[in-house]
Amino acid sequence: MRASMAVHAARLVHNHSSIAPGLEPVLKALAARLPATDTIIPGRLAKTNGKREQFTLTFGAAGPLLHGFKLIARKGKSAQEVFINTKMEREEMQAHIDSAVDKAHG
């Protein structure tokens, strides 16, 4: 199968009952853009001292993981880790993240 004909819809794991404000529509939009072999796993939810007016989803400071990326979602006083298991390069993943955030939050 050629890359342009890849099947989309990554698996979105719902193992937490708590999701950061504004994160769920972004994860659904991101899952629709990624290959079916990829997995998106929301991690721990934490309270922060700062307050973000706009929703942001950025790469974690640790850099790329062995099988993907760690992202940090922030809005208001909430921050949540998001792990993405993928073989995709960082630049391509950034384009998908930007598109998913724009789709969900305009």
Side-chain angles (χ1 to χ4, degrees):
M1 182 179 270
R2 292 188 327 226
S4 63
M5 296 176 58
V7 176
H8 287 280
R11 187 168 64 98
L12 178 57
V13 177
H14 290 284
N15 56 356
H16 291 279
S17 59
S18 299
I19 299 287
L23 180 58
E24 189 164 9
V26 173
L27 295 182
K28 288 180 179 179
L30 187 58
R33 297 184 57 84
L34 298 179
T37 56
D38 291 356
T39 305
I40 301 171
I41 306 163
R44 69 184 177 97
L45 181 62
K47 293 286 182 189
T48 62
N49 291 329
K51 182 169 170 115
R52 295 268 169 108
E53 295 295 325
Q54 298 279 30
F55 177 88
T56 60
L57 185 60
T58 57
F59 287 96
L65 302 174
L66 183 61
H67 297 290
F69 300 98
K70 174 182 172 181
L71 306 174
I72 306 294
R74 299 250 346 244
K75 183 168 184 193
K77 292 189 172 206
S78 297
Q80 187 162 12
E81 297 173 330
V82 177
F83 299 95
I84 301 181
N85 293 330
T86 184
K87 294 180 180 177
M88 201 172 288
E89 296 293 326
R90 183 181 173 126
E91 294 78 22
E92 187 178 1
M93 179 58 67
Q94 183 67 57
H96 288 301
I97 291 167
D98 292 343
S99 177
V101 171
D102 286 346
K103 182 177 180 180
H105 295 283

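We use all heavy atoms of the structure for the numbers below, so side chains are in, but hydrogens, waters and symmetry mates are not.
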Is a side-chain donor or acceptor of His105 paired with a backbone partner of Gly22 at a separation under 3.5 angstrom? yes

What I'd like to find out is whether the side chain of Val26 reaches to under 4.5 Å of the side chain of Leu57, using heavy atoms alone. yes

Check the pair Gln94, Met88 against side-chain contact (heavy atoms from CB on, under 4.5 Å), reporting the backbone distance first and the verdict last. CA-CA 10 Å; Gln94 183 67 57; Met88 201 172 288; over 6 Å; no

Who pairs with Glu81 by salt bridge (Lys or Arg N to Asp or Glu O under 4.0 Å), at least two apart in sequence or on another chain? Arg44, Lys70

List the steps and the verdict of side-chain contact (heavy atoms from CB on, under 4.5 Å) for Val13 and Thr39. CA-CA 7 Å; Val13 177; Thr39 305; 3.6 Å; yes

Side chains of Lys28 and Lys103: does their closest heavy-atom pair fall under 4.5 Å? no

Would you give the length of the straight line joining atom CG of Leu27 to atom CG of Leu34, rounded to the nearest 0.5 angstrom? 10.0 Å

Checking Gln80 side chain against Pro42 main chain: does a donor-acceptor pair fall under 3.5 Å? no

Dump the intermediate steps for side-chain contact (heavy atoms from CB on, under 4.5 Å) on His67 and Lys87, then the final yes or no. CA-CA 7 Å; His67 297 290; Lys87 294 180 180 177; over 6 Å; no

For Ser99, all residues meeting side chain to side chain contact (heavy atoms under 4.5 Å, CB included), sequence neighbours excluded: Arg33

Approximate separation, where rounding is to 0.5 Å, of Arg11 CZ and Thr37 OG1: 11.5 Å

Nearest heavy-atom neighbours spanning Ile84 and Leu71: CD1-CD1, 3.4 Å

Taking side chain as C-beta onward, heavy atoms only, is Ile41 less than 4.5 Å from Val82? no

Side chain to side chain contact (heavy atoms under 4.5 Å, CB included) filter on Thr58, not counting sequence neighbours, yields Ile72

Verdict with supporting geometry, Phe69 and Phe83, ring-ring contact (aromatic ring centres under 6.0 Å, His included): CA-CA 6 Å; Phe69 300 98; Phe83 299 95; over 10 Å; no

Donor-acceptor under 3.5 Å (Thr48 side chain, Lys77 main chain): yes

Does Arg74 make a cation-pi contact with Phe55 (under 6.0 Å, within 45 degrees of the axis)? no

Closest non-hydrogen contact found for Leu30 with Ile97 is CD1-N, 4.0 Å

Which heavy-atom pair separates Met93 from Thr86 by the least distance, and what is that distance? CE-CG2, 3.6 Å

